[in-house]
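Every value quoted in this text rests on a predicted model; they were computed, and no experiment measured them.
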Amino acid sequence: MKIKDFGVEQWMNEYETKAKYNLGETCVSSLSIRELCELVGVDVNDFAKQLVDRRLTYGAIEGAVELKEAITRLYQNLTPDEIVTEHGAIGANNLVLNALVEPGDEVIAVTPTYQQLQSIPEAIGATVKLLPLKRENGYLPDAEQLRGLVSDKTKLIVLNNPDNPTGALMSQAGLQTIVDIAKSVDAYVLCDEVYRHLTQEDGYSPSIIDLYDKMKACLSYRDYETISCSQLDEMVGTLALKNQAVLLERNRGIVRENLKVLEEWVHQQPHITWLKPKAGTTALLYYDFDLPSTIFCDRLMKEYETLLVPGSCFDIENSLRIGYAFETTHLRDGMNQLGKFLAKLEQEAR
């Protein structure tokens with residue numbers, strides 16, 4: 001199978017370990033197992049004993065029952081039997097795309113988004129139609145444009161909510177509209193919700209799974225690529241998700257505080273514009289210099305040891321993806337370096 005180079009991941013692979021200021025990171029500030037135990041009030045020695053005493057064999061093939069029960073509490077209408085664990089969202093996306101999509105199918109995918117969601121169905125042999133997320137529309141899918149793209153050949157509609165890289169967040173009404181369009185042609189919907197619940201406002205974050213009951217068994221294909229997840233991973237995941245309220249409160253606090261910091265910085269920069277994200281951990285910044293984004297980000301790394309992802313990885317030039325969910329001091333230091341580089345570009349342009 002021939003597949004496009006994964007632009008974002010290859011860029012990160014090249015620079016991530018070399019950057020002093022990594023503003024390309026999309027994860028919320030990570031915790032050690034010790035810090036996780038302390039956060040949720042579990043004795044770290046007791047949990048460590050459980051880890052080291054666990055035999056390193058296959059776990060529950062379809063996922064640990066206790067973990068799946070904890071996952072259901074993130075949704076409204078889901079049972080443990082409807083859940084299959086995978087190696088992160090990237091593993092889940094890969095599983096669903098390969099299990100559902102066949103050569104000759106039509107797949108509609110939003111853009112910009114995580115490239116995996118477009119390139120895998122294309123490599124399988126599907127016709128991939130792109131649904132542009134436009135800045136003037138808040139980077140939200142245009143329902144009328146989607147209706148014009150679907151046909152009786154449409155197998156799958158692919159969304160990313162909150163969107164990476166823009167941070168746009170679809171409402172429940174917006175999701176329901178997508179579901180109604182999918183039902184009109186009997187299509188599946190794959191919605192990558194890896195940043196779900198990382199919102200700027202309180203309240204339940206609607207999921208596509210709460211609105212659409214069209215499902216497909218993926219277990220047959222999964223036997224070929226996963227069998228089971230690591231028992232140790234599932235133990236840590238269970239600990240986190242059994243205490244999801246505490247963890248989500250902590251993570252939301254970080255993204256909300258850091259977005260304020262980023263917003264303040266953007267407003268001070270004469271050469272940067274953006275549409276403030278509603279959720280997630282990333283934002284798309286636009287600059288007004290006549291400089292390709294790959295050259296911009298390459299120079300930023302070499303001259304200021306600061307990593308950003310070029311917008312060209314999302315087919316949007318003169319833009320940059322920035323992550324803002326890590327430690328606040330690191331974000332401030334990195335933006336300070338970016339500000340110096342922007343001032344240098346301004347001097348060069350005179």
Side-chain angles (χ1 to χ4, degrees), residues 1-4 6-8 89-90 92-196 206-216 218 275 277-280 284 311-317 319:
M1 182 174 72
K2 294 182 179 179
I3 193 167
K4 292 179 180 178
F6 205 147
V8 170
I90 195 169
N93 290 337
N94 180 68
L95 173 64
V96 172
L97 292 169
N98 277 281
L100 291 184
V101 179
E102 299 176 86
D105 286 340
E106 286 185 358
V107 174
I108 299 172
V110 296
T111 186
T113 190
Y114 196 54
Q115 184 184 327
Q116 177 198 32
L117 301 173
Q118 301 169 353
S119 293
I120 289 180
E122 183 181 61
I124 290 171
T127 298
V128 178
K129 298 178 178 179
L130 297 180
L131 178 62
L133 303 178
K134 300 175 183 176
R135 187 178 180 182
E136 58 269 26
N137 196 36
Y139 298 116
L140 297 173
D142 185 301
E144 290 307 310
Q145 191 171 4
L146 177 58
R147 287 189 180 96
L149 289 175
V150 298
S151 73
D152 57 4
K153 292 184 179 180
T154 303
K155 173 68 76 67
L156 181 66
I157 298 171
V158 184
L159 309 173
N160 187 191
N161 189 47
D163 181 61
N164 173 10
T166 67
L169 179 65
M170 296 179 65
S171 66
Q172 181 163 329
L175 290 171
Q176 186 62 59
T177 298
I178 301 295
V179 167
D180 294 340
I181 295 172
K183 285 183 176 179
S184 73
V185 293
D186 196 32
Y188 294 94
V189 179
L190 168 60
C191 190
D192 182 336
E193 299 177 340
V194 69
Y195 302 112
R196 181 168 167 256
S207 168
I208 200 76
I209 201 67
D210 295 327
L211 305 175
Y212 199 17
D213 59 3
K214 185 173 176 64
M215 301 182 69
K216 175 79 173 183
C218 297
L275 186 64
K278 299 288 187 182
L284 199 60
S312 60
C313 290
F314 302 94
D315 296 321
I316 301 180
E317 263 304 348
S319 72

Dump the intermediate steps for side-chain contact (heavy atoms from CB on, under 4.5 Å) on T166 and L275, then the final yes or no.
CA-CA 8 Å; T166 67; L275 186 64; over 6 Å; no

Evaluate the criterion side-chain contact (heavy atoms from CB on, under 4.5 Å) for residue pair K134 and D142; output intermediate values, then yes/no.
CA-CA 9 Å; K134 300 175 183 176; D142 185 301; 5.9 Å; no

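Contacts of K129 classified as side-chain hydrogen bond (donor to acceptor under 3.5 Å, both in side chains), with partners at least two apart in sequence or in another chain: E106. Under the rule for a side-chain contact (heavy atoms from CB on, under 4.5 Å), the partners of S319 that lie at least two apart in sequence or sit in another chain are L284, Y286, I316. Among residues two or more places apart in sequence or in another chain, the side-chain hydrogen bond (donor to acceptor under 3.5 Å, both in side chains) test is passed with N93 by Q116, D192. Residues passing the ring-ring contact (aromatic ring centres under 6.0 Å, His included) test with Y114 are F6, sequence neighbours excluded.
Among all heavy-atom pairs drawn from S207 and E193, the shortest one is OG-OE1, 2.8 Å. Closest non-hydrogen pair, L130 versus L149, comes out as O-CD1, 3.8 Å. Nearest heavy-atom pair across P103 and I124 is CG-O, 3.4 Å. Of all the heavy atoms in D105 and L100, the pair that sits closest is OD2-O, 3.9 Å. Among all heavy-atom pairs drawn from P206 and S171, the shortest one is CG-C, 4.4 Å. P165 and P112 make their closest contact through CD-CB, 3.8 Å (heavy atoms, listed as atom of the first residue, atom of the second, distance).
Judged by distance alone, the side chain of D210 and the main-chain N or O of Y212 form no donor-acceptor pair under 3.5 Å. A donor-acceptor contact shorter than 3.5 Å links the side chain of Q118 to the backbone of V110.
Here CG of N161 is found 5.0 Å from CG of L169. Values are rounded to the nearest 0.5 Å. To the nearest 0.5 Å, atom OG1 of residue T111 and atom CG of residue L133 are 7.0 Å apart. Taking CG of L175 as the reference point, atom CG of L211 lies at 6.0 Å (rounded to 0.5 Å). Here the CG atom belonging to L97 is positioned 10.5 Å from the OG atom belonging to S119, to the nearest 0.5 angstrom. Separating the CG atom in N164 from the OG1 atom in T113 is a distance of 6.5 Å, to the nearest 0.5 Å. Taking CZ from R196 and CD1 from I209, the interatomic distance works out to 10.0 Å, rounded to the nearest 0.5 Å.
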Please report, to 0.1 Å, the donor-acceptor pairs under 3.5 Å made by any side chain of residues 177-184, with sequence neighbours excluded.
residue: T177; atom: OG1; partner: A173; partner atom: O; Å: 3.1
residue: D180; atom: OD1; partner: Q176; partner atom: NE2; Å: 3.0
residue: S184; atom: OG; partner: I181; partner atom: O; Å: 2.5

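You'll find the side chain of Q115 stays beyond 4.5 Å of the side chain of V8, heavy atoms only.
For residues 165-178, no residue pair satisfies the salt bridge (Lys or Arg N to Asp or Glu O under 4.0 Å) rule, not counting sequence neighbours.
Atom NZ of K155 sits in a crowded spot, with more than 12 heavy atoms from other residues, nucleotides or ligands closer than 6.0 Å. Other residues, nucleotides and ligands place no more than 12 heavy atoms under 6.0 Å from the CD atom of Q172.
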